[in-house]
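Report on the following structure.
Note that these values count all heavy atoms, side chains included, but never hydrogens, waters or copies made by symmetry.
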Amino acid sequence: MKHPVPMTLTRRGLGGLAAGLGVALALSACGGSPLASPSTSAPSGSSAGGSLVVGSADFPESQVIAEIYVGALNAAGLTATSKPNIGSREIYFKAVQDGSVDLVPDYSGNLLSFVDTEATEVSAEDVYKALPGKLPDGLAVLEPAKAESKDAMVVTKATAEKYQLKSIEDLAKVCKDFTMAAPATFETRAYGFPGLKANYGCELKGLQPFNDGGGNLTLQALLEDKVQVADIYTTTPSIADNDLVVLEDPKNNFKAQQVLPLVKEAKVTDKAKEALNNVSKILTTDDLINLNRAVSGDQKQSPKDAAAAWLKDKGIVK
């Protein structure tokens, strides 16, 4: 078994719903915003008029994608800056609504579930098709990337071999004996315990909550058999680095999660849309894995530096 690569992992559904809403409501009441000052990602000497502010959630993958968006917009002759680390979807969604930021990278399936808790669409095509009709007035999504980062039920190779596990259907037979590592919100979110029970009849022994989003603490608990299954995102390098097994999800408990920009429609021009859509055309899941490794692995690159290297490699920035 390989040693785990140090990780500060990627998450999209971050933080408890109640906590996120509480913060958002408190900020709304006092007229404030949870956002930090913009980073200096725009080229020097650029005009502030008509500039775009790109926000991100409070995890590295989102921050890297946001910096990619900033770099692509600046390369197209526009002015863009970033406001990283805003918080959970409950908070950054409100920030786009109230104009604190003009766009953020998001994930199609979880975004749809957020705006429509009863949504039943699961495939990439159906999820993307449903989104425009569910978003509040003034918000829109642009083209999705092939890049997808979604929840996965992950076990060690030894556990998979011992119990002959290839899918969540197989896991259902032993769920009652397994403790799971996941964020505390997994216990109540539709794709968490409720979805596993409804789709697979899987009722786990218990939940060991971790707030590191599938990072070092979650990984170590899994490798040491303190938990037997963990919720780790598919773009996490530690899956391959530790020979972990991602269980198949034949009943689509976890919705498609394509990366796509959530935008304030009035602020995003056709030129900006073209620049962002060009990113989506070439961003892949393997790119996300490599970017996560660059930021959260031994290299410890900043999100801005990792994004700059990707933009140059893809020919977006000369």
Are [X] and [Y] connected, step by step, through hydrophobic side chains (Ile, Leu, Val, Met, Phe, Trp, Tyr) whose heavy atoms are closer than 4.5 Å?
X	Y	result
Val70	Val268	yes
Val245	Ile289	no
Leu112	Val122	no
Val227	Leu217	no

Checking the side chain of [X] only, and the main-chain atoms of [Y] only, is there a donor and an acceptor separated by less than 3.5 Å?
X	Y	value
Asp231	Asp151	no
Lys264	Gln97	yes
Lys150	Gly109	no
Gln228	Asp225	yes
Asp313	Ala309	no
Ser108	Gln258	yes
Asn242	Leu244	no
Thr236	Ile239	no
Lys255	Glu121	yes
Thr285	Glu148	yes

Chi angles and distances behind the side chain to side chain contact (heavy atoms under 4.5 Å, CB included) call for Phe210, Gln208: CA-CA 7 Å; Phe210 288 99; Gln208 180 65 50; 3.3 Å; yes
Write down the atom of [X], the atom of [Y], and the distance for their closest heavy-atom approach.
X	Y	answer
Pro105	Ile65	CB-CG2, 3.5 Å
Ala306	Val295	CB-CG2, 3.7 Å
Thr218	Asp212	OG1-OD1, 2.7 Å
Leu288	Ser149	CD1-CB, 4.3 Å
Ala272	Leu52	CB-CD1, 3.9 Å
Ala57	Gln63	O-NE2, 3.5 Å

Pairs flagged by disulfide (SG to SG under 2.5 Å) wherever residues 271-318 is involved - sequence neighbours left out: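 Every pair satisfying disulfide (SG to SG under 2.5 Å) with a residue in residues 271-318: there are none.
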Of all pairs that satisfy disulfide (SG to SG under 2.5 Å), the ones with a partner from residues 203-242, not counting sequence neighbours: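 Listed by first then second residue: nothing to list.
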Over 12 non-hydrogen atoms of neighbours within 6.0 angstrom of NZ in Lys314: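 Count over threshold, so yes.
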Over 12 non-hydrogen atoms of neighbours within 6.0 angstrom of CG in Asn252: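 Yes - once you tally the heavy atoms of other residues, nucleotides and ligands closer than 6.0 Å, there are more than 12.
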Geometric class of the Phe193/Phe186 ring pair [parallel <30°, tilted 30-60°, perpendicular >60°]: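 Phe186 vs Phe193 ring planes: perpendicular.
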Identified side chain to side chain donor-acceptor pair (under 3.5 Å) counterpart of Gln257 within the set Thr235, Asn110, Thr234: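 That would be Asn110; it is the only one of Thr235, Asn110, Thr234 passing the side chain to side chain donor-acceptor pair (under 3.5 Å) with Gln257.
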Matching residue for Tyr200 among Asp170, Asn253, Asp249 - test: side chain to side chain donor-acceptor pair (under 3.5 Å):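 Exactly one candidate clears the test, Asp249.
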From [atom1] ([X]) to [atom2] ([Y]), nearest 0.5 Å:
X	Y	atom1	atom2	answer
Leu222	Thr179	CG	OG1	11.5 Å
Asn278	Leu73	CG	CG	10.5 Å
Asp58	Ile86	CG	CD1	9.5 Å

Evaluation steps, side chain to side chain contact (heavy atoms under 4.5 Å, CB included), between Phe254 and Met153: CA-CA 10 Å; Phe254 300 111; Met153 302 286 281; 3.8 Å; yes
Any residue meeting salt bridge (charged side-chain N to carboxylate O under 4.0 Å, His left out) with Lys226, in chain and number order, not counting sequence neighbours: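 Testing Lys226 for salt bridge (charged side-chain N to carboxylate O under 4.0 Å, His left out), a comparison that skips the adjacent residues, returns Glu224.
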Salt bridge (charged side-chain N to carboxylate O under 4.0 Å, His left out) partners of Lys267, counting only residues at least two apart: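 With neighbours one apart ignored, the set is Asp102.
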Flag for Thr284-Asp286: side-chain donor and acceptor within less than 3.5 Å: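 No pair is found: no donor N or O on one side chain lies under 3.5 Å from an acceptor on the other.
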Test log, rule side chain to side chain contact (heavy atoms under 4.5 Å, CB included), inputs Tyr69 and Val279: CA-CA 7 Å; Tyr69 288 170; Val279 168; 4.0 Å; yes
Set of residues satisfying side-chain hydrogen bond (donor to acceptor under 3.5 Å, both in side chains) with respect to Ser56, sequence neighbours excluded: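 For Ser56 there are no side-chain hydrogen bond (donor to acceptor under 3.5 Å, both in side chains) partners, ignoring immediate neighbours.
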Donor-acceptor pairs under 3.5 angstrom involving side-chain atoms of residues 124-146: please list them, not counting sequence neighbours.
unit_1 : atom_1 : unit_2 : atom_2 : d
Asp126 : OD2    : Ser123 : OG     : 3.2
Tyr128 : OH     : Leu142 : O      : 3.4
Lys134 : NZ     : Asp116 : OD2    : 3.3

Would you check if [X] and [Y] make a side-chain contact, meaning some heavy-atom pair closer than 4.5 Å?
X	Y	answer
Trp310	Ile316	yes
Ser296	Ser238	no
Phe93	Leu262	yes

Check against side chain to side chain contact (heavy atoms under 4.5 Å, CB included), Val229 and Leu165: CA-CA 11 Å; Val229 59; Leu165 304 180; over 6 Å; no
Carboxylate-amine/guanidinium proximity below 4.0 Å for Asp241 and Arg293: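 Salt bridge between Asp241 and Arg293, a charged N being under 4.0 Å from a carboxylate O: yes.
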